[in-house]
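Start at 1 and go down the list; that is how both ligands and their atoms are numbered. Nothing here was measured: the structure is a model prediction, and the numbers come from that model.
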Amino acid sequence: MRQKIVAGNWKMNKTLEEANILATEIKGMVADEVKGSAQIIFCVPFPYLLTLKNLLGNGARITLGAQNCSEHESGAYTGEVSASMLKSLGIPFVILGHSERRQYFGEDGKLLAKKVDIALKHGLTPIFCCGEPLEVRESNGHEALIKKQVEESLFHLDQATIQKIVIAYEPVWAIGTGKTATSQQAQDMHVVIRKHLSGKYGQAVANEISILYGGSVNAANAKELFSCPDVDGGLVGGASLKSREFTEIIKSA
Ligand code: PGA
């Protein structure tokens, strides 16, 4: 179902104590100040999922996501975390295909298709990331690359299942660089993605899919980005680690 979503991607940051403080602060600010109905998600390191789940409580405005999961069901895969483990903790979301996973851990479209399948099999909602590096944008190959990334990892899904996916468009040149896509660039790419989904699944289905923007979202630019008709919220890295700033971003959704 299409909805406004603001997801914080904490990446590999914070000690447990710091994570508790951050989550407690944002929870309090959200309870006091946030009127809208946007879904708020903290995508936190694996070791903190259960503690933060207890801290946030059931039925809270804020829910949790993991930042990755294994493509395997279970077994001898030292250091990996499976989708069924996340499900057993009651974690509803998982980020898949973040550009850092693609770049540093060699995750490609085929592998990500497997991760998408196993996450869905266990009832998790994938937040599937796509995005082009700077050189691809500069050589004008960004539309083709994004379509390819979406096709390779998602187009095997049927009409009913694709609607369970959240997509995050995150241009790699905007991640952690302080260089945000303009709202026009974001809107244009979200339209490219939605049209591509519509071509395969029909407009009604494409209209049901939330497409988030990610890449240097902050309190100053969130409102303009989130007001674009095809931008359904954001996936926020650096700015999700500061309680006041992240709360302001949530209020912009
Ligand atoms: P950033 O990260 O907001 O720090 O640019 C976004 C992301 O990587 O999801």
**Request:** May I have the step-by-step check of side chain to side chain contact (heavy atoms under 4.5 Å, CB included) for Phe155 and His196, ending in yes or no?
**Result:** CA-CA 10 Å; Phe155 271 22; His196 203 43; 3.6 Å; yes
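Between the side chain of Glu132 and the backbone N or O of Arg137, no donor-acceptor pair lies under 3.5 Å. At distances below 3.5 Å, at least one donor-acceptor pair connects side-chain atoms of Tyr201 with backbone N or O atoms of Leu157.
For the pair Lys121 and Glu73, the salt-bridge criterion is met [side-chain N within less than 4.0 Å of a carboxylate O]. Electrostatic pairing of Glu248 and Lys251 counts as a salt bridge here, judged by a charged N lying under 4.0 Å from a carboxylate O.
Ligand 1 lies under 4.0 Å from heavy atoms of Asn9, Lys11, His98, Glu170, Ala174, Ile175, Gly176, Gly215, Ser216, Leu235, Val236, Gly237, Gly238.
A parallel orientation is assigned to the rings of Tyr77 and His72, their planes being inclined by less than 30° (bins at 30° and 60°).
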